[in-house]
Visitor: 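Sending over a structure as structure tokens; questions will come in a sec.
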Protein chains: 2
Amino acid sequence: MSSLPFAADNPAAPQGTAGVATPAFSPLYQQIKGLILQSLQQGEWKPGEAIPSEMELAARFRVSQGTVRKAIDELAAENLVMRRQGKGTFVSTHAEQHVQYRFLKLLPDTGDARVEGPAQRRVIDCRRVRANADVARALALRSGDAVTQARRILSFAGVPTILEDIWLPGQAFKGLTAEQLANYQGPTYAMFELDFGVRMVRAEEKIRAVLPDEEQAQLLQITPVTPLLSVERIAYTYNDVPMELRRGLYRTDTHHYRNELS
Amino acid sequence: MSSLPFAADNPAAPQGTAGVATPAFSPLYQQIKGLILQSLQQGEWKPGEAIPSEMELAARFRVSQGTVRKAIDELAAENLVMRRQGKGTFVSTHAEQHVQYRFLKLLPDTGDARVEGPAQRRVIDCRRVRANADVARALALRSGDAVTQARRILSFAGVPTILEDIWLPGQAFKGLTAEQLANYQGPTYAMFELDFGVRMVRAEEKIRAVLPDEEQAQLLQITPVTPLLSVERIAYTYNDVPMELRRGLYRTDTHHYRNELS
DNA sequence: AAGTGGTCTAGACCACAAC
DNA sequence: TTGTGGTCTAGACCACTTG
């Protein structure tokens with residue numbers, strides 16, 4: 001039984017005539033959304049599991065089903081939960097996505113990603129280091145804090161296509177090994193959920209065109225004058241907490257980065 | 001007074017027991033959405049104008065306000081209309097976007113796009129040609145059909161940053177001149193709305209890293225070994241009809257392409 | 001048959017903008 | 001004061017899934 005900031009029989013935003021700035025106000029369904037979010041964040045329901053039914057949540061929060069519904073609508077729009085008619089509402093997970101890689105927008109020019117199958121992974125490096133200024137800033141850490149750094153190559157149909165450098169906060173990802181990164185079947189983000197309880201919910205990418213240095217070119221088996229996509233990604237858990245910095249170099253001779261605008 | 005495929009007092013999907021495949025069924029609010037979309041498409045309400053109030057539409061379609069509301073909710077989510085509390089619901093337009101360029105995701109590395117101000121445009125070329133196979137496929141035309149082709153350079157703070165080639169269906173854009181492309185104040189897509197009645201509603205982009213040829217390098221005042229972002233965009237009007245093919249070459253030494261994932 | 005999400009309605013009230 | 005979109009409720013019924 002949770003207590004609401006503003007309960008249903010204790011209407012929100014009573015609009016005092018004090019004349020000062022509007023007090024922090026949010027509609028009921030936003031408050032409900034916040035409470036559900038809190039439960040998600042605290043792990044009350046695990047990825048892939050069903051959350052309580054709308055009627056149950058309505059009773060628990062003492063609001064109507066319609067209000068819970070609108071809260072869940074927004075959570076579903078943000079891909080935090082998934083609704084399935086007749087079954088229930090489920091916590092999103094990177095493990096059972098209809099598309100294999102939720103955050104990877106690189107597609108083969110030949111259209112169909114399914115024919116490629118999953119990428120082959122080769123982990124080149126995985127070790128604990130101290131964060132430099134750039135990494136620290138991206139992950140909201142202090143310079144010198146412990147981070148786990150990894151480098152790996154993803155190949156499609158045997159062709160090395162992506163070279164990735166990954167930085168993870170040392171605290172949350174204590175004990176991460178190269179074997180885990182290499183051998184886990186399925187998306188790496190699913191492994192993060194399962195082994196570390198870290199769910200990536202959102203990400204931002206900055207994309208540039210670059211030329212590889214000698215080492216990068218060698219790893220991707222290309223010449224140093226092959227232009228590459230540099231994709232710098234920061235992935236966030238709940239509450240906009242950054243939990244991963246990833247810098248990918250994508251070959252785009254047989255693949256392209258696809259984006260939809262509206 | 002429109003007649004609905006399934007009226008409110010003539011319940012949809014009576015679920016015949018014929019045992020064959022489910023007949024085409026869509027909920028009432030989807031039908032309403034379709035009707036509103038049709039009016040938008042036919043220009044019953046122009047970009048920037050208000051559409052009728054929810055109550056009016058509810059009366060017109062003989063459904064409840066809540067049903068109209070849900071239809072408009074989806075249209076708003078797709079950026080086809082914009083709601084403004086207390087004022088009404090307005091047809092989206094590229095002219096008065098809160099961000100100046102709705103489809104341009106290139107931002108200065110220094111964060112704030114506003115300090116740059118609008119881009120300086122220099123039109124290099126604008127002429128009618130016949131569509132080759134690639135252009136024809138992208139625009140759903142036949143090879144040899146008339147298209148208007150243009151090339152221009154966008155500069156920020158005096159630095160040539162984007163080289164764009166644009167292809168437009170000749171029929172819809174009859175009479176387009178270099179002067180229009182160069183002199184119109186505001187987004188080019190706003191000019192398309194105003195002068196040609198063509199509203200771009202959605203777009204898809206394929207992004208690659210490339211090296212410029214001699215001519216491209218000269219126009220952008222860079223060396224031919226400067227890697228560039230190649231952004232191939234197809235923009236669509238209503239009903240997924242492609243109305244523009246655009247290929248941009250972006251310098252990414254001082255700017256980056258920004259994308260958000262969820 | 002029971003339980004879930006999905007749709008639709010009707011009515012009340014709130015917040016915002018314009019007159 | 002009026003009209004708009006925004007919130008909230010309560011109840012009915014539909015569609016899908018499971019037992």
Side-chain angles (χ1 to χ4, degrees), chain A residues 4-17 21-34 36 45 49-77 81-91, chain B residues 4-17 21-34 36 45 49-77 81-91:
Chain A
L4 289 177
F6 302 98
D9 47 2
N10 181 8
Q15 176 69 1
T17 56
T22 308
F25 161 74
S26 66
L28 241 195
Y29 76 89
Q30 287 284 5
Q31 301 178 38
I32 304 302
K33 180 185 171 188
I36 297 176
W45 316 300
E49 289 180 7
I51 72 175
S53 75
E54 296 179 352
M55 289 303 277
E56 278 182 78
L57 289 172
R60 165 157 156 188
F61 298 131
R62 296 157 165 276
V63 298
S64 76
Q65 189 218 13
T67 300
V68 170
R69 185 165 191 77
K70 182 143 190 187
I72 294 181
D73 275 346
E74 293 208 349
L75 294 172
V81 298
M82 282 193 32
R83 328 185 75 141
R84 285 185 229 164
Q85 181 169 141
K87 301 188 70 176
T89 300
F90 298 78
V91 182
Chain B
L4 290 177
F6 300 99
D9 48 0
N10 182 9
Q15 175 69 356
T17 56
T22 308
F25 161 74
S26 66
L28 240 195
Y29 76 89
Q30 286 285 4
Q31 301 176 40
I32 304 301
K33 180 185 171 187
I36 297 176
W45 315 300
E49 289 180 5
I51 71 174
S53 74
E54 295 178 352
M55 289 303 277
E56 279 182 76
L57 290 172
R60 167 159 156 189
F61 298 132
R62 296 158 164 279
V63 298
S64 76
Q65 189 218 12
T67 300
V68 170
R69 185 165 190 78
K70 182 144 189 186
I72 294 181
D73 275 346
E74 293 207 350
L75 294 172
V81 298
M82 283 194 30
R83 328 186 76 142
R84 285 185 230 164
Q85 183 171 142
K87 299 187 70 174
T89 301
F90 297 78
V91 182

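Proteins get letters first, then strands, A, B, ... in listed order; numbering begins at 1 in each. None of these values were measured; they are calculated from a predicted model.
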Visitor: Once you round it to whole Å, what is the distance between C1' of dA15(D) and CZ of R84(A)?
Guide: 17 Å
Visitor: Whole angstrom is fine here: how far is it from CD in E74(A) over to C1' in dG6(D)?
Guide: 12 Å
Visitor: May I ask you to say whether E54(B) pairs ionically with K70(B), meaning some side-chain N is under 4.0 Å from a carboxylate O?
Guide: no
Visitor: By nearest atom, which of the nucleotides dG6(D), dG5(C), dT7(C) is closest to the Q85(B) side chain?
Guide: dG6(D)
Visitor: Tell me: CG of L75(B) to P of dG5(D), nearest whole Å?
Guide: 13 Å
Visitor: Which heavy atom of I36(B) sits nearest to which heavy atom of F61(B), and what is that distance?
Guide: CG1-CE1, 4.0 Å
Visitor: Tell me the interatomic distance from Q65(B), atom CD, to dT9(D), atom P, rounded to whole angstroms.
Guide: 17 Å
Visitor: Using a 4.0 Å heavy-atom cut-off across all strands, classify E54(B) as base, sugar-phosphate, or nothing.
Guide: sugar-phosphate
Visitor: Any side-chain N or O of K87(A) under 4.0 Å from OP1/OP2 of dC16(D)?
Guide: no
Visitor: Counting side-chain heavy atoms from C-beta on, which of dT9(C), dT7(D), dT4(C) comes nearest to S53(A)?
Guide: dT4(C)
Visitor: Within the structure shown, what part of the strands sits under 4.0 Å from R69(A) by heavy-atom distance: base, sugar-phosphate, or nothing?
Guide: base
Visitor: Check the distance between dG6(D)'s C1' and M55(B)'s CE and give it to me in whole angstrom.
Guide: 14 Å
Visitor: Just how far is it from atom CG of D73(A) to atom NZ of K33(A), taken to the nearest 0.5 Å?
Guide: 10.5 Å
Visitor: Should S64(B) be listed as having a side-chain N or O under 4.0 Å from OP1 or OP2 of dC8(C)?
Guide: no
Visitor: Using atom NZ of K70(A) as one end and atom C1' of dC14(C) as the other, report the distance to the nearest whole Å.
Guide: 13 Å
Visitor: In whole Å, I'd like the distance from the CZ atom of R62(A) to the P atom of dA10(D).
Guide: 13 Å
Visitor: Can you find a side chain N or O atom of R83(B) that sits less than 4.0 Å from OP1 or OP2 on dG6(D)?
Guide: yes
Visitor: Between atom CD of Q30(B) and atom CG of L28(B), what is the distance when rounded to the nearest 0.5 Å?
Guide: 10.5 Å
Visitor: For W45(B) and E49(B), which heavy atoms make the closest approach, and how far apart are they?
Guide: CA-OE1, 3.7 Å
Visitor: Rounded off to whole Å, could you give me the CE-to-C1' distance for the M82(B) and dT4(D) pair?
Guide: 15 Å
Visitor: Mapping G66(A) and G86(A) to their closest nucleotides on DNA chain D, which lands nearer the 5' end?
Guide: G66(A)
Visitor: Does T67(A) make a side-chain N or O approach to OP1 or OP2 of dC8(D) shorter than 4.0 Å?
Guide: no
